[in-house]
Asks: 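Let me give you the structure first, and then I'll get to my questions.
Heavy-atom basis, side chains included; hydrogens, waters and symmetry copies ignored. Residue numbers run from 1 in the order of the sequence given.
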Amino acid sequence: MKIDQFAAMNMVYQRYSFEYFLKSMDRQGIKSFEFWTGGSHLNIDFDSLSDVKSFKREIDAHELRMVCLTPEQVTYPYNIAAADKELREKSLEYFFRYIDVASELGIDKLLCCSGWGDYDEPREEAWKRSVDGLWKMTEYANKKKVILAFEILQAMETNLVNDLETTKRMMDTIKDPYFKLCVDLVPVRVNGNTLLDYFNEFGDRICHIHLTDGDLSGHVPLGLGSTPVKEHLETLDKVNYQGDITLEIGDSSWWADPEKATEIGFTTLKKVLVERQK
């Protein structure tokens with residue numbers, strides 16, 4: 001594995017300005033990041049595409065590479081599988097606009113998920129709505145040459161795609177060059193699987209990785225949980241993975257000190273990379 005395959009993420013910096021985040025990347029010598037679009041940094045509900053151009057100029061000035069655009073879609077109400085038709089249509093418009101943003105920023109991947117259904121309705125009804133929405137997003141992504149990086153979530157986040165079986169069902173349903181997979185290692189571990197299980201099943205359809213830490217669930221800085229970092233890196237070497245890997249930190253306890261959180265994660269990563277070279 002090469003260090004330039006690993007990216008930071010601005011989500012843990014959400015209580016700080018975007019300018020602070022960019023300068024933090026400079027201070028730490030980090031060259032790549034996954035661009036989370038929460039309201040505190042970039043939110044298409046308020047910003048125009050002209051604002052997006054100014055964001056790109058600022059990012060380019062810091063010589064940073066954006067590896068994936070990640071619209072907030074779990075804590076916000078946007079849900080492509082919603083039973084409410086108006087909410088569902090608004091959610092699709094939200095993602096179409098962010099596909100436009102990804103194209104404008106020159107980012108080749110946009111992260112998405114299945115959405116979720118009401119837990120008191122037949123699950124299959126929500127599944128059909130999710131598939132319909134994802135196909136529409138895929139068709140639009142084709143036009144903009146942006147790959148959808150479909151992320152598996154935890155069962156507490158969605159009742160649709162949250163394990164290996166349901167991931168396989170969705171990936172078998174939507175087969176398109178612009179619909180690929182983001183593997184988040186939290187639901188992988190929570191469900192008792194390994195990263196290798198996913199590569200054995202999906203191979204080169206995996207286009208992005210969220211390297212996370214916790215016990216088992218959680219998104220704390222790498223090295224502060226029980227995730228087998230060395231094992232994950234060995235798997236990525238074994239399958240000759242050439243894509244991007246984001247050190248995703250989402251735990252709110254680190255919002256007050258995101259630079260320290262990011263530093264801990266990359267220090268752990270570099271230590272493991274050095275140890276593996278001995």
Asks: Take the angle between the ring planes of His41 and Trp36 and call it parallel below 30°, perpendicular above 60°, tilted in between.
Replies: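 If you compare the ring of His41 with that of Trp36, the planes turn out perpendicular.
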
Asks: Quick one: pull up CG in Asp163 and CG in Leu153 and give me the separation to the nearest 0.5 Å.
Replies: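 Spacing of CG (Asp163) from CG (Leu153) equals 11.5 Å.
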
Asks: Do Tyr16 and Asn10 have side-chain N/O donor and acceptor atoms under 3.5 Å apart?
Replies: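 No, Asn10 and Tyr16 have no side-chain donor paired with an acceptor closer than 3.5 Å.
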
Asks: Determine whether Ser226 and Asp215 satisfy the following criterion, side-chain hydrogen bond (donor to acceptor under 3.5 Å, both in side chains), listing intermediate values before the conclusion.
Replies: CA-CA 6 Å; Ser226 60; Asp215 295 311; 2.7 Å; yes

Asks: Using a strict cut-off of less than 4.0 Å between a Lys/Arg side-chain nitrogen and an Asp/Glu carboxylate oxygen, indicate whether Lys128 and Glu121 qualify as a salt bridge.
Replies: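 Between Glu121 and Lys128 there is no salt bridge, as every charged N stays at least 4.0 Å from the carboxylate O atoms.
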
Asks: Suppose the criterion is ring pair (Phe, Tyr, Trp, His ring centres under 6.0 Å): which pairs have a residue in residues 207-242, not counting sequence neighbours?
Replies: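 Listed once each, the pairs are Phe199-Tyr241, His208-His210.
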
Asks: As an exercise, state the distance from CD of Glu139 to CZ of Phe96, rounded to the nearest 0.5 Å.
Replies: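 Atom-to-atom, Glu139:CD and Phe96:CZ are 8.5 Å apart.
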
Asks: Below 4.0 angstrom, N of the basic side chain to O of the carboxylate: do Glu275 and Lys230 qualify?
Replies: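 Salt bridge absent between Glu275 and Lys230.
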
Asks: Can you name the closest pair of heavy atoms from Leu160 and Ser114 and give their distance?
Replies: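 For Leu160 and Ser114, the tightest heavy-atom pair comes out as CB-OG, 3.6 Å.
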
Asks: Considering only heavy atoms from C-beta outward, does the side chain of Gln5 approach that of Leu236 to under 4.5 Å?
Replies: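 No, every pair of side-chain atoms sits at 4.5 Å or beyond.
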
Asks: Leu134 and Phe150: which non-hydrogen atoms are nearest, and at how many Å?
Replies: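 Here Leu134 and Phe150 meet closest at CD1-CE1, 3.8 Å.
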
Asks: Using a 3.5 Å cut-off and no angle test, enumerate the donor-acceptor pairs between side-chain atoms of residues 101-109 and protein atoms at least two apart in sequence or in another chain.
Replies:
residue	atom	partner	partner atom	Å
Lys109	NZ	Val67	O	2.9
Lys109	NZ	Asp244	OD2	3.2

Asks: Is the closest basic N to carboxylate O distance between Arg276 and Asp237 below 4.0 Å?
Replies: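 Yes.
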
Asks: Would a 4.5 Å heavy-atom cut-off, applied to side chains only, mark Phe33 and Thr262 as touching?
Replies: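 Not touching, per the 4.5 Å side-chain cut-off.
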
Asks: If the plane angle is over 60° it's perpendicular, under 30° parallel, otherwise tilted; pick one for Phe55 and Phe35.
Replies: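 Correct class here is tilted.
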
